[in-house]
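Scroll down for the structure; my scribbles are underneath it.
Here the structure is a predicted model, which means the values were calculated and not measured. In what follows, residues are counted from 1 in the order of the sequence shown.
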Amino acid sequence: MAVRIERVVTSGTFSLDGGTWDVDNNVWLVGDDHEVLVIDAAHDAEAIARAVGDRHVVAIVCTHAHDDHIDAAPALAEVTDASVLLHPEDVPLWKLTHPGILPDGELADGQVLGVAGTELTVLHTPGHSPGAVCLYVPALGTVFTGDTLFAGGPGATGRSFSDFPTIIESIRWKLLGLPAGTEVRTGHGDSTTIGAEAPHLDEWVARGH
C-alpha cells in the first residue's frame, strides 16, 4: 500500500511568556492503511485519533514543545499506545505544559524513523526553540518543518527559548540545501517549497526577525 500524507487542522491556543493567542495547527500523518506516524499532536486528541482510525501509530513526533504542538500528545499516546518523541533540549518547554509527565523517547539529529517502508530523517533545527526539529522524507519530496520555516520566512523568535541568529543558521545549513522542489509542510498555514523560500534568506536576515 502506497505511503501517503494526510493533514488534520486543529484549533486551540498558544501560551507563553504570559500571553495567549488563538491558533490553527497542522497535524501531519504519514503512513499507509496499516500504520501511521503522527507529527505534532495539537489541541484535539479525539480528532487526531479519528483520522488515524484503526491504524497502528508507530510514534507521535513533536517538532518542538510549544504547548500548541504538544498539548494533546499524552492523551493521544494513551488511546493509541504510541510513544511520544521529543528532542531533549525542549524538555524544559515540555514541562511548562505537562509537569510530571515526560516524553517516552528522544529525537536526535540524523536519527531515522520508519513508517510504512518510508524513512524520515530528523534534522535538529534550533532557533524557534532549542530542541526544534524538522523531518525530511526524501521518498516523498517533503520536509515537515514545524515552526522553523513557513511560507514567507522563519518562525517567530521573539519569545523565551527562541533566538533569531540560530534559526537563520538552522534554515541556511539544514533546510535550504535540500532539493528546490522539496515541499515544505509547516506547523501552521499553507505549504511552500524550498525553492520558493531560498532566494529570500538575505531579506530575512536584513529584516532581523
Side-chain angles (χ1 to χ4, degrees), residues 12-28 39-43 61-71 73 85-98 103 106-111 120-137 142-180 182-209:
T13 61
F14 164 58
S15 298
L16 190 65
D17 297 339
T20 297
W21 299 266
D22 293 327
V23 287
D24 296 328
N25 285 62
N26 295 327
V27 181
W28 298 101
I39 301 171
D40 286 343
H43 307 308
V61 178
C62 308
T63 61
H64 62 295
H66 284 152
D67 63 351
D68 59 317
H69 290 256
I70 63 165
D71 49 4
L85 307 180
L86 176 73
H87 193 282
E89 290 189 32
D90 260 23
V91 169
L93 269 169
W94 169 280
K95 289 179 176 179
L96 296 178
T97 302
H98 299 301
E106 297 183 351
L107 298 170
D109 189 53
Q111 180 179 352
L120 301 86
T121 299
V122 177
L123 308 176
H124 182 209
T125 52
H128 184 66
S129 68
V133 302
C134 299
L135 298 168
Y136 178 44
V137 194
T142 289
V143 61
F144 298 94
T145 57
D147 288 3
T148 294
L149 179 62
F150 291 103
T157 54
R159 302 188 183 97
S160 298
F161 301 95
S162 297
D163 183 72
F164 179 75
T166 302
I167 202 171
I168 288 296
E169 291 306 290
S170 291
I171 293 170
R172 184 194 305 273
W173 298 113
K174 294 292 183 69
L175 297 180
L176 297 189
L178 299 177
T182 303
E183 185 158 10
V184 176
R185 299 179 190 262
T186 60
H188 308 272
D190 295 331
S191 298
T192 180
T193 65
I194 292 295
E197 301 307 318
H200 303 290
L201 179 67
D202 289 343
E203 298 170 25
W204 305 335
V205 173
R207 202 166 62 213
H209 61 81

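One finds the CG atom of Leu93 at 6.0 Å from the OG atom of Ser129 (value rounded to the nearest 0.5 Å). Here Leu135 contributes atom CG and Ile39 contributes atom CD1; the two are 5.0 Å apart, rounded to the nearest 0.5 Å. Distance NE2/His66 to NE2/His128: 4.5 Å, rounded to 0.5 Å. Atoms OG1 and CZ, from Thr192 and Arg185 in turn, are 12.0 Å apart once rounded to the nearest 0.5 Å. A distance of 8.5 Å separates CD1 in Ile171 from OG1 in Thr145, rounded to the nearest 0.5 Å. One finds the CG atom of Leu149 at 8.5 Å from the OG1 atom of Thr186 (value rounded to the nearest 0.5 Å).
The aromatic rings of His69 and His64 are tilted relative to each other, their planes meeting at an angle between 30° and 60°. The aromatic rings of His98 and Trp94 lie tilted to each other, with the angle between the two planes from 30° to 60°.
Counting only N and O atoms by type, the side chains of Ser162 and Thr157 include no donor and acceptor under 3.5 Å apart.
His43 meets the ring pair (Phe, Tyr, Trp, His ring centres under 6.0 Å) test with no other residue; sequence neighbours excluded.
The environment of Asp109 atom CG is dense: over 12 non-hydrogen atoms of other residues, nucleotides or ligands sit within 6.0 angstrom. Shown here is Asp202, whose CG atom has no more than 12 heavy atoms of other residues, nucleotides or ligands within 6.0 Å.
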Legend entry - Candidate pair Thr148 and Ile167, rule side-chain contact (heavy atoms from CB on, under 4.5 Å), full reasoning: CA-CA 7 Å; Thr148 294; Ile167 202 171; 4.2 Å; yes
